[in-house]
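Below is one structure, written out as structure tokens, with a few remarks after it.
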Number of protein chains: 2
Amino acid sequence: MHAREALKNRTISPSVNDASPRSDRRPLYVQVRTDVLARIEAGMWKPGALLPSEFALAGELGVSQGTVRRGLDSLVQDGLLVRRQGRGTFVADHTPADVLFRFFRIHDAAGHRVAPTSTATRVRRRTASRAEADALNLAINDRIIRITRIRLADGRPFISETVVIPASRFPGLGDDGVVPNTIYDLFQHQYGVTVSHAEEQLEPVAATARVAGQLRIKPGAPLMKIVRITYDLSGRPIEWRISLCHLKGLHYVASVR
Amino acid sequence: MHAREALKNRTISPSVNDASPRSDRRPLYVQVRTDVLARIEAGMWKPGALLPSEFALAGELGVSQGTVRRGLDSLVQDGLLVRRQGRGTFVADHTPADVLFRFFRIHDAAGHRVAPTSTATRVRRRTASRAEADALNLAINDRIIRITRIRLADGRPFISETVVIPASRFPGLGDDGVVPNTIYDLFQHQYGVTVSHAEEQLEPVAATARVAGQLRIKPGAPLMKIVRITYDLSGRPIEWRISLCHLKGLHYVASVR
DNA sequence: CAGTGGTCTAGACCACCGT
DNA sequence: CGGTGGTCTAGACCACTGT
């Protein structure tokens, strides 16, 4: 009954369930997902925040608790929400280590994850090259921020990395010359940009003289070149990253499902 | 009501819902999943087969249609079942091309998938080496089948590959000297072994003289070494595969979610 | 048209959490 | 203890399929 009345007298959140003949043809649980996701992206519920209970959301959106539950399910599936029985549903707040290990797929011979550190970080502002504009879906003269750094495992340099991000999404980033080791965490908490997923292209290459010098190896040694494009929750590209990795005794781990 | 009676008078499939105090503490929908999965693995429903309707299964298992649905959902999610609205639920029957492209993650510069062919295939029977026994969870003197072959893209040799499988799971495989290009399809339809997922370790290496000769490249050229362990539906390892790939103009594609 | 999956509801009961 | 998520049911209606 509550839902029936709410369905007629709806004033808030008309996006989900307002008039009797529904204009939006998508299933209600999809609309619930979209609505909740929009609020998270808009910053209404920040990482770590407690959402209203399923019944409260159901009342507010004019649908049944089961339908709310189904919508939230898909966001839990995507790792955006976390349920804690007896306590409530929370916006996922991944630790820097969580995010690092999700995207850093290099392990040692024993199968343990490698935690890299960063050094020799440089930040420059440029206009996008053709390749950068293509990768990030920008116009060719849009401003980008280009970060280069050397990454270390156990103090040994093993990755030469270039990160390119659109300046418009991250105003002021690196202006003080400081960039943290885990930049996705900065994206999240400083700019409200949540990293959703990434696509990587891997290819073995021979070390050029320049990179060999950076990594203190012989020119021509085999390196793993990893080209990554990272996407936000809306599916827009937010980062283009090229890593040249000297994987002596290490390997990249992929899982095929 | 039907479910109530079935719940009391249960004779078939006591595994899901038989006595009033349930012995199995797992949720009913998990038990439905397990039960249906077991029947598929036992060959009761073969790839392409039509399952009973959700209501029929619900009656048979003594649970409600919604619970059956939830159990089947998880199998659909895993790609083991396919739903077709208005027609029914079917055991997934992946074409050889489906399976090939799921596990063969190499694309060309334009982003198109590469379809490899095979040549120079050799099949040998051996006892497992230490490394092979470890990878496949075998005892050290268990019999294995070792397949070596060269794989071609557009007629050009680009992968030198070694596949190791436990002889006990695949009796008679390759006895006639013939091994198809897509062996997972053979596993499925000849031996009823469904490939579930795989874990891969990637590393750039320099081509040895031997492999360089096979692939007609210079010794020392950078190759991608891919070590794969493949698992069946029960999570048991069924294949250990080492591929040495000359990815000139090609790349391995990985997706991080 | 009958039969199937797909959506949605209302309500029950359980398991878990913090006070 | 009250409030939360987790499971399960029974039944309604819709959308799609093949005959």
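Because the structure is predicted, anything quoted here is derived from the model rather than measured. Letters go in sequence order (proteins before strands), and every chain restarts at 1.
For D/dT9, one of the phosphate oxygens OP1 or OP2 lies less than 4.0 angstrom from a side-chain nitrogen or oxygen of B/T67. Between A/T89 and D/dG5, a side-chain N or O to OP1/OP2 separation shorter than 4.0 Å is present.
Take A/D78 and apply the side chain to side chain contact (heavy atoms under 4.5 Å, CB included) test, not counting sequence neighbours, and it matches A/R33, A/L80. Residues that satisfy the side chain to side chain contact (heavy atoms under 4.5 Å, CB included) test with B/L152, not counting sequence neighbours, are B/T117, B/T119, B/I150, B/P157. For B/R169, the side chain to side chain contact (heavy atoms under 4.5 Å, CB included) partners two or more places apart in sequence, or in a different chain, are B/P166, B/V193, B/D232, B/R236, B/I238. Residues meeting the side chain to side chain contact (heavy atoms under 4.5 Å, CB included) test with B/E161, sequence neighbours left out: B/R149, B/R151, B/I159, B/V163, B/R241, B/S243.
In this pair, B/Y191 and B/F170 present their aromatic rings perpendicular. The plane angle is above 60°, beyond the 30 to 60° band.
Regarding A/Q65, its CD atom lies at a distance of 12 Å from the P atom of D/dT7, rounded to whole Å. Note: OH (A/Y29) to C1' (D/dC14) measures 14 Å, nearest angstrom. Rounded to whole angstrom, the span from the CG atom of A/L50 across to the P atom of D/dG3 amounts to 15 Å. Regarding B/R26, its CZ atom lies at a distance of 18 Å from the C1' atom of C/dA15, rounded to whole Å. Remark: C1' of C/dA15 and CD of A/E54 are 14 Å apart, rounded to the nearest angstrom. In this structure, A/L75 places its CG atom 14 Å from P of D/dG5, rounding to the nearest Å. Counting to the nearest Å, the C1' atom of C/dT9 and the CG atom of A/L61 are 15 Å from each other. Atom P of nucleotide D/dT7 and atom CZ of B/R25 are separated by 15 Å, given to the nearest angstrom.
Side-chain contact of B/T230 with B/Y184: a donor-acceptor pair under 3.5 Å is present, judged by distance alone.
Counting any heavy atom pair closer than 4.0 Å across all strands shown, B/R70 reaches sugar-phosphate atoms only and no base atom.
In the set D/dG6, D/dC8, C/dT9, the nucleotide with an atom closest to the side chain of A/L28 is C/dT9. Nearest nucleotide to the side chain of A/P27, out of C/dG5, C/dC8, D/dT9: C/dC8. You'll find that the side chain of A/R69 is closest to D/dG6, out of D/dA10, D/dG6, C/dG6.
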Under 3.5 Å, which donor-acceptor pairs do the side chains of residues 45-53 of chain A form with other protein atoms, sequence neighbours left out?
| residue | atom | partner | partner atom | Å |
| --- | --- | --- | --- | --- |
| A/K46 | NZ | A/G43 | O | 3.1 |
| A/S53 | OG | A/A56 | N | 3.1 |

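Comparing B/G88 and A/V30 by the nucleotide of DNA chain C that holds the closest heavy atom to each, the one mapping nearer the 5' end is B/G88.
Taking every heavy atom of residues 78-87 of chain B and every atom of DNA chain D, pairs under 4.0 Å involve B/Q85, B/G86, B/R87, by number.
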